[in-house]
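Scope of the values below: all heavy atoms of this structure, side chains included, with no hydrogens, waters or symmetry mates. What you are looking at is a predicted structure, and each value in this text was computed from that prediction instead of being measured.
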Amino acid sequence: MRKRSWGFVVGGLLVALLLAGVVSNFASSHPDGLDSSLREGCTFDADDNITGGNCPAQAEQEHEIGGPLADYGISGLDNEFLSTGLSGVVGVLLTFAVAGGAFWLVRRRGSAAAEGETAAEGEAADGRQRAGTAG
């Protein structure tokens with residue numbers, strides 16, 4: 001990869017880490033479109049608990065699987081600001097590592113296949129040349 005490309009990738013990674021680590025803490029706490037549609041038909045109290053009505057959100061349960069990054073936080077970390085920021089940073093780094101590895105694998109296989117095709121084309125041309133001079 002060229003030096004200019006590396007600068008672009010590192011700059012993009014730094015921006016993503018900043019957004020995930022800091023700005024994510026200031027995201028709206030109001031429900032998004034999916035949550036909002038699941039809550040239609042129910043009434044809620046001041047603590048956002050369902051107090052009446054009929055809506056799909058009444059069937060909501062805790063995560064069955066759980067996980068270290070469930071609910072946009074790191075389990076076991078009491079500081080909510082730090083938990084949200086760190087989970088965003090970990091998510092960005094994991095995504096970057098998986099995507100980078102996939103691109104690296106595709107690039108390596110693509111260049112090896114291209115080299116193999118070039119060698120095969122050269123051998124075929126060499127074979128045609130020998131056949132032309134023999135006949």
Side-chain angles (χ1 to χ4, degrees):
M1 190 182 298
R2 288 182 274 168
K3 190 174 185 177
R4 185 174 173 187
S5 299
W6 275 111
F8 180 76
V9 169
V10 170
L13 179 62
L14 290 176
V15 169
L17 288 171
L18 178 70
L19 291 173
V22 178
V23 178
S24 63
N25 283 296
F26 302 104
S28 174
S29 62
H30 296 292
D32 62 9
L34 177 60
D35 285 338
S36 195
S37 66
L38 291 175
R39 297 162 56 108
E40 285 182 15
C42 283
T43 55
F44 296 87
D45 63 10
D47 294 326
D48 208 30
N49 296 319
I50 298 174
T51 58
N54 187 14
C55 66
Q58 289 173 323
E60 180 182 33
Q61 299 174 359
E62 288 295 318
H63 294 284
E64 292 178 19
I65 298 174
L69 300 176
D71 286 332
Y72 304 107
I74 295 182
S75 59
L77 199 57
D78 294 334
N79 185 335
E80 189 175 335
F81 188 86
L82 185 61
S83 177
T84 302
L86 281 177
S87 72
V89 168
V90 168
V92 166
L93 291 175
L94 285 173
T95 302
F96 186 78
V98 169
F103 282 120
W104 181 80
L105 285 173
V106 169
R107 182 182 71 95
R108 291 286 180 211
R109 288 184 180 168
S111 63
E115 289 174 9
E117 289 175 8
T118 304
E121 289 171 357
E123 290 173 7
D126 190 39
R128 285 192 303 266
Q129 189 177 26
R130 282 190 218 138
T133 56

Which residues pass the side chain to side chain contact (heavy atoms under 4.5 Å, CB included) test with L34, sequence neighbours left out? D32, S37, L38
Closest approach of F81 to N25 (non-hydrogen atoms, all atoms of both residues): O-OD1, 3.2 Å
Return yes when atom OH of Y72 has more than 12 non-hydrogen atoms of other residues, nucleotides or ligands closer than 6.0 Å, and no otherwise. no
Under 3.5 Å, side chain of S24 to main-chain N/O of G85, donor-acceptor pair present? no
Do V89 and L69 belong together in a cluster built from hydrophobic side chains that touch within less than 4.5 Å? no
F26, L18: one ILVMFWY side-chain cluster at the under-4.5 Å cut-off? yes
Smallest separation among heavy atoms of G73 and S83, with atom names: CA-OG, 3.2 Å
For the atom pair CG (L77) and OG (S87), what is the distance rounded to the nearest 0.5 Å? 9.5 Å
Test item: T84 side-chain N/O and E80 main-chain N/O as donor-acceptor pair under 3.5 Å: yes
Please find the pair of heavy atoms, one from C55 and one from G41, that lie closest to each other, and give the distance. CB-C, 4.3 Å
Quick test of your reading: applying side-chain hydrogen bond (donor to acceptor under 3.5 Å, both in side chains), list the pairs with at least one residue in residues 47-59, sequence neighbours left out, ordered by first then second residue. R39-D48, T43-T51
Compare all side-chain heavy atoms of L17 with those of L93 and state whether any distance is below 4.5 angstrom. yes
Return the CZ to CG distance between F8 and L13, rounded to the nearest 0.5 Å. 12.0 Å
Those residues at least two apart in sequence (or on a different chain) that pass side chain to side chain contact (heavy atoms under 4.5 Å, CB included) with V15 are L19
